[in-house]
Amino acid sequence: MSTALKPNAELALAFASSFSRPSYLKPNSTQLPRMPSGSLPNNFSGLLLASSSGHSQSKHVCSLSKIDSGESSGGFSYKDAGVDIDAGAELVRRIAKMAPGIGGFGGFFPLGDSYLVAGTDGVGTKLKLAFDTGIHDTIGIDLVAMSVNDIVTSGAKPLFFLDYYATSRLDVDLAEKVIKGIVDGCQQSDCALLGGETAEMPGFYAEGEYDLSGCAVGIVKKDSVINGKNIVAGDVLIGLPSSGVHSNGFSLVRRVLAHSGLSLKDQLPGKSVTLGEALMTPTVIYVKQMLDIISKGGVKGIAHITGGGFTDNIPRVFPKGLGAVIYNGSWEIPAVFKWIQEAGRIDDAEMRRTFNMGIGMVLVVSREASCRILEDENGAYCIGEVVTGEGVSYR
């Protein structure tokens, strides 16, 4: 991992991956030519450092299990499934020593009176379920969602998206299905699919499998950035519902599924859909909804609930010395999470640190704004409040 230029203290840099496909959307956007694999210079790096001169609590069905939070149940954990969140946090701490300013949901680059805001991500081992179910036309929505939902937390409007599709042997029909989902995701985000890279690497992936990553870039005025600095104790937490598991925690999901005795074709207990259909439901893209809410004022901070769940993501937007209390039972937790928890005998603390639990985006707002948002936004929940002290607690 190399750096291009010395970091600028004004920038908050994102941990990026590589990218380079002709535009599928927005006829007025500039097209980038496809770059053949291996065409990048040897010193190209995924991490580029750049400098520049330049009120009432609504109650719904309580659906967490009766296992006490934090108490070992002998069930599965994310770490058991091969994902160590603490190790990931340690890596971020080490990178921060080399690239001060990282750690937000997106990286900022100053441009006149605005910031370009960039984010990058993949869809993790949800891809394994795509291979097993044969559902390939929505995984691209997940890919776009993971990046655009990150950058909109700062108030940025997505401008364009770049994707990377890698496989051992290119199946054109399969790749077309995947890219159709990416196009759909970009349309939902009102951004251009500006380009991409298709890499064919014989022997690197199993037959019929592929990998995905993507990068989104947006823009926000410097005086309109949402950064959490004005959050105070007493502010309200508003949760926007997720569609299900979204694109995090699938290593644990797959472990639970393997030990449950059920298959992806079996019905989700208590529901009319199969487990495969429920788990492959695409991630909600919150961009248009979020920008509309932000435009009306009162939003002080936004957390995209991905890996790390409530436990790790909500504190990322708070000033030092502030934490959150989450109201148990203030929203309805989707059936898929109940099944995961019961089938895997997973305790509440582990669920809350691994999954979104039915809330994909959390807004920190003033009490005055909370009333308006709860009236205007169908399905929004008052899920908690900001308190003195750090961390996330439940009551």
Check the side chains of E332 and Y381 for a donor-acceptor pair under 3.5 angstrom, ignoring hydrogens and angles. no

Applying side-chain contact (heavy atoms from CB on, under 4.5 Å) to E377 and I293, what does each step give before you reach the verdict? CA-CA 9 Å; E377 301 302 319; I293 295 173; 3.6 Å; yes

Backbone N or O of C191 within a donor-acceptor pair of the S189 side chain at under 3.5 Å? no

Roughly how far, to the nearest 0.5 Å, is CD1 of I326 from OG1 of T311? 9.0 Å

So, the side chain of N248 versus the backbone of F355: is there a donor-acceptor pair under 3.5 Å, distance only? no

For the atom pair CD1 (I182) and CD1 (I141), what is the distance rounded to the nearest 0.5 Å? 10.5 Å

All heavy atoms of A145 vs all of H304, minimum pair found to be O-CE1, 4.2 Å

Could you give me the CA-CA distance, side-chain angles and deciding distance for L170 and Y165, then say whether side-chain contact (heavy atoms from CB on, under 4.5 Å) is met? CA-CA 10 Å; L170 183 60; Y165 179 96; 4.0 Å; yes

Does Y164 reach the side chain of T120, with side-chain heavy atoms less than 4.5 Å apart? no

Is the shortest distance from a Lys or Arg side-chain nitrogen in R94 or E90 to a carboxylate oxygen in the other one below 4.0 Å? yes

Minimum-distance pair of heavy atoms, taken over all atoms of M201 and A166: CE-CB, 3.7 Å

Between the main-chain N or O of G270 and the side-chain N or O of W339, is there a donor-acceptor pair closer than 3.5 Å? no

Using the rule given for salt bridge (charged side-chain N to carboxylate O under 4.0 Å, His left out), can you reason through K288 versus D292, listing the C-alpha separation, both sets of side-chain angles and the distance that settles it, and then say yes or no? CA-CA 6 Å; K288 293 179 181 179; D292 180 62; over 6 Å; no

Is there a donor-acceptor pair under 3.5 Å between the side chain of K222 and the backbone N or O of G112? yes

Starting at CD1 of I238, measure out to CE of M361 and round the result to the nearest 0.5 Å. 14.0 Å

Below 4.5 Å, heavy atoms only, C-beta onward: do V117 and F108 meet side chain to side chain? yes

Quick one: NZ on K338 to CE on M351, what's the gap to the nearest 0.5 Å? 11.5 Å

Using a 4.5 Å cut-off on heavy atoms from C-beta on, say whether the side chain of D150 contacts that of S147. no

Between K177 and D171 (salt bridge meaning N to carboxylate O under 4.0 Å), is one present in this structure? no

Would you indicate whether F131, at its atom CZ, is surrounded by more than 12 heavy atoms from other residues, nucleotides or ligands within a distance under 6.0 Å? yes

E385 (side chain) donor-acceptor with D235 (main chain) under 3.5 angstrom: no

Distance-only check: which donor-acceptor pairs under 3.5 Å involve side-chain atoms of residues 272-283, not counting sequence neighbours?
| from | atom 1 | to | atom 2 | distance (Å) |
| --- | --- | --- | --- | --- |
| T274 | OG1 | E277 | N | 3.0 |
| T274 | OG1 | E277 | OE1 | 3.4 |
| E277 | OE1 | T274 | N | 3.0 |
| T281 | OG1 | E277 | O | 3.0 |
| T281 | OG1 | A278 | O | 3.1 |
| T283 | OG1 | D142 | OD1 | 2.6 |
| T283 | OG1 | S247 | OG | 2.9 |

Main-chain N/O of G344 paired with R255 side-chain donor or acceptor, under 3.5 Å: no

Backbone N/O of F204 and side chain of S168: donor-acceptor pair under 3.5 Å: yes

Is the backbone N or O of E209 less than 3.5 Å from a side-chain atom of T167, with the two atoms forming a donor-acceptor pair by type? yes

Following the transitive rule for hydrophobic clusters with a side-chain heavy-atom cut-off under 4.5 Å over Ile, Leu, Val, Met, Phe, Trp and Tyr, establish whether L194 and L111 coincide in one cluster. yes

Exactly one candidate in L257, T354, I346 meets side-chain contact (heavy atoms from CB on, under 4.5 Å) with I340; the answer is I346

Are any of the side-chain heavy atoms of T306 and N313 separated by less than 4.5 Å? yes

Check: F337 ring centre within less than 6.0 Å of W331 ring centre: no

Result for side-chain contact (heavy atoms from CB on, under 4.5 Å) between V236 and one of V365, V364, L363, I373 points to V365

Does R316 use its side chain to pair, donor to acceptor, with the backbone of A303 at less than 3.5 Å? no

Do you know the tightest heavy-atom contact between F161 and C186? CB-SG, 3.7 Å

Flag the pair M290 / L240 as yes when at least one side-chain heavy-atom distance between them is below 4.5 Å, and no otherwise. yes

Sort and list the pairs that fulfil ring pair (Phe, Tyr, Trp, His ring centres under 6.0 Å) and have at least one residue in residues 238-262, not counting sequence neighbours. F76-H259

Does D190 use its side chain to pair, donor to acceptor, with the backbone of P158 at less than 3.5 Å? no

Out of L127, I179, V178, which one pairs with H136 under the side-chain contact (heavy atoms from CB on, under 4.5 Å) rule? V178

If I take atom CD1 from residue I359 and atom CZ from residue F310, how far apart are they, to the nearest 0.5 angstrom? 5.5 Å

When rounded to the nearest 0.5 Å, the distance separating OG of S213 from CD of E197 is 10.0 Å

Within 6.0 Å of NZ in K296, more than 12 heavy atoms from elsewhere: yes

